[in-house]
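As structure tokens, the structure follows; a few thoughts come after it.
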Amino acid sequence: MDCYGNLRMLFHPGPPRSPTYGVCAGTLQDHGSTVDHYTAGMLLSGVGDALGYRNGLWEFNESGPAIHKELKKLGGLKKISAKLPDWPVSDDTVLHLATAEALATGKAGEELLHEVAFRYVEGMKDMIGRKPGKATFLGVKQLRPGHEGGYRVQYNPEAKGCGAAMRAMCIGLRYPRPDQLSSLIEVAVETGRMTHTHPTGFLGSVASALFASYAVQRRPVITWGLGLLKEACPVAKTFVKSAGYAVTETEGGWDYFTEKWKWYLDLRGLSKGTEPVTWPDQYGPAERDEAYVSFSLSGWGGGCGHDAPMIALDALLGAGSDWGELMSRAAFHGGDSDSTAAIACCCWGLLYGMDGVPKCNYRNLEYRGRLESVAQKLYALQ
């Protein structure tokens, strides 16, 4: 297929959908979502990124126990002041902000996609010391915002990484309601495919956006994975067919993402979206490292589009409202720790706000002002 095939001009709320798996109809305010929760989601996503990254020292440390040992020497999480120069945000937050600030313009359809593409190109000028992935580099290099079809790139069968997943949570803040599912998925797919054209990559964008919207809806976390498989993936597959871009290639690579997620839900006893969650008898830092590798495609937990949101969900399920436990599970492990933390912490902030988060973790965070500002703009649009 021509990579500049036709795009349906949807990105609209669409017909109301019947809420399932425990979500109730009604306004977001009915579910307890406030502008403070939006602000917490965006801000804590940056915090998770910066702490999981630790200027590259922890993202590329393959031992969770070693990271926890270093954390203890630093005085623990309550003593970490996430600020420059030692705790910059990584490419994750730079590109998450790019996505969010494009969405905050209120644009839709192809106009929105060109805006996102433009901001990705601009964002890549801010990558010194932030270590973006290869697929992100290759994809953004091909974008031609403002030109016909310029938000599409050539299909790359190797673009399976987590680069689309870690920048998509804000899409769930822009399209948070159940009746906006089609818009959420279409934007997540198209923006994800700007760099990560393989379904293992861009379906990670769908998962992160979807989980953020579920957090806004106050949908039970135990139902999120099943919602991804039963509600979102079929809609995404239908959209891919209608959009006309790399349809054959995409369908050929589709099954790994869905089959791995089925495997994970079986592992945790969540195939029916009901409690209790099944956990190993021992699940400390060493055991989590081993488990996260088993989630992965490449042997680096969280490095791909399917397992970055999977580890984030695993951390949310295990931590509940405990910020320290969330960080232990999502940020301080021997995998792609900044990306898994960025996803998990955004959803956690949407659920719980800033309660229990040490002020030093966020007071002087790089780009704090932009994160808080765009959160408020997205809230005003919903």
Side-chain angles (χ1 to χ4, degrees), residues 3-14 38 41-42 45-46 89 91-127 132 135-154 159 163-176 180 182-197 201-202 204-206 208-210 212-213 236 239 243-245 342 346 367 369-382:
C3 73
Y4 304 121
N6 294 325
L7 172 70
R8 288 190 301 163
M9 294 298 293
L10 291 176
F11 302 171
H12 55 70
Y38 264 54
M42 289 299 298
S45 177
V89 298
D91 60 307
D92 298 34
T93 297
V94 171
L95 294 180
H96 192 210
L97 273 169
T99 310
E101 290 171 344
L103 290 165
T105 65
K107 294 178 180 179
E110 290 196 355
E111 189 179 13
L112 171 62
L113 297 180
H114 283 290
E115 183 69 26
V116 173
F118 170 77
R119 290 176 185 266
Y120 286 171
V121 172
E122 291 299 301
M124 292 305 289
K125 299 174 183 178
D126 184 19
M127 289 297 165
T136 298
F137 262 126
L138 292 176
V140 174
K141 188 176 181 180
Q142 296 177 62
L143 292 173
R144 298 177 300 114
H147 295 80
E148 183 177 358
Y151 51 82
R152 291 262 175 83
V153 302
Q154 294 292 331
M166 53 75 169
R167 65 177 191 247
M169 295 75 72
C170 57
I171 299 171
L173 278 66
R174 177 65 180 90
Y175 306 105
Q180 294 176 312
S182 61
S183 297
L184 178 150
I185 288 172
E186 291 163 19
V187 174
V189 168
E190 289 292 4
T191 59
R193 295 198 298 192
M194 289 181 186
T195 56
H196 290 72
T197 52
F202 72 73
S205 176
V206 172
S208 294
L210 185 74
S213 75
F239 173 68
Y245 159 69
C346 184
Y367 294 144
R370 287 175 64 190
L371 289 162
E372 292 178 336
S373 175
V374 76
Q376 292 160 14
K377 291 175 182 177
L378 290 171
Y379 183 80
L381 287 171
Q382 51 89 7

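Tyr175 has its side chain out of reach of Ser213: every pair of non-hydrogen atoms, C-beta onward, lies at least 4.5 Å apart. Using a 4.5 Å heavy-atom threshold, the side chains of Thr191 and Ser205 count as touching. For the pair Leu95/Met127, a side-chain contact is recorded, criterion being any heavy-atom separation below 4.5 Å from C-beta on. Side-chain atoms of Asp126 and Tyr367, non-hydrogen and from C-beta on, do get closer than 4.5 Å to each other. The closest side-chain heavy-atom distance from Tyr120 to Thr99 is below 4.5 Å.
Put simply, the side chain of Ser208 never gets that close to the backbone of Met169: no donor and acceptor are under 3.5 Å apart. With Gln376 contributing its side chain and Ser373 its backbone, the two residues share no donor-acceptor pair below 3.5 Å. Checking side-chain atoms of Gln142 against main-chain N and O of Gln154 turns up a donor-acceptor pair under 3.5 Å. Arg174 places no side-chain N or O within donor-acceptor distance of the main-chain N or O of Cys170, the cut-off being under 3.5 Å. Using modelled atom types, one side-chain atom of Thr105 and one backbone atom of Ala102 make a donor-acceptor pair closer than 3.5 Å.
Applying the salt bridge (Lys or Arg N to Asp or Glu O under 4.0 Å) test to Glu101 and every residue at least two apart in sequence or in another chain returns Arg119, Arg370.
The two residues Ile171 and Leu184 come nearest to each other via the heavy atoms CG2-O, 3.8 Å. The two residues Met42 and Ala100 have their closest heavy-atom pair at CE-CB, 3.9 Å. Here the shortest heavy-atom pairing between Phe202 and Ala164 reads CA-CB, 4.4 Å. When all heavy atoms of Val153 and Tyr245 are compared, the closest pair comes out as O-OH, 3.0 Å. What you find for Ala342 and Ser45 is that their closest heavy atoms are O-OG, 3.1 Å. Across all their heavy atoms, Gly123 and Val94 have their closest contact at O-CG1, 3.6 Å.
Atom CG of residue Leu112 and atom OG of residue Ser183 lie 10.5 Å apart, to the nearest 0.5 angstrom. Interatomic distance, CZ of Arg152 versus CZ of Arg193, reported as 5.5 Å (0.5 Å rounding). One finds the CG atom of Leu210 at 6.5 Å from the CD1 atom of Ile185 (value rounded to the nearest 0.5 Å). With rounding to the nearest 0.5 Å, the separation of CD in Glu115 from CG in Leu103 is 9.5 Å. Residue Glu111 holds its CD atom at 10.0 Å from CG of Leu113, rounded to the nearest 0.5 Å.
Sparse packing is recorded around NZ of Lys377, with 12 or fewer heavy atoms of other residues, nucleotides or ligands lying under 6.0 Å away.
For His114 and Tyr151, the ring centers are positioned less than 6.0 Å apart.
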Side chain to side chain contact (heavy atoms under 4.5 Å, CB included) evaluation trace for Thr136 with His196: CA-CA 7 Å; Thr136 298; His196 290 72; 3.5 Å; yes
CA sep, side-chain torsions, deciding dist, call: Leu371, Leu97, side chain to side chain contact (heavy atoms under 4.5 Å, CB included): CA-CA 7 Å; Leu371 289 162; Leu97 273 169; 3.7 Å; yes
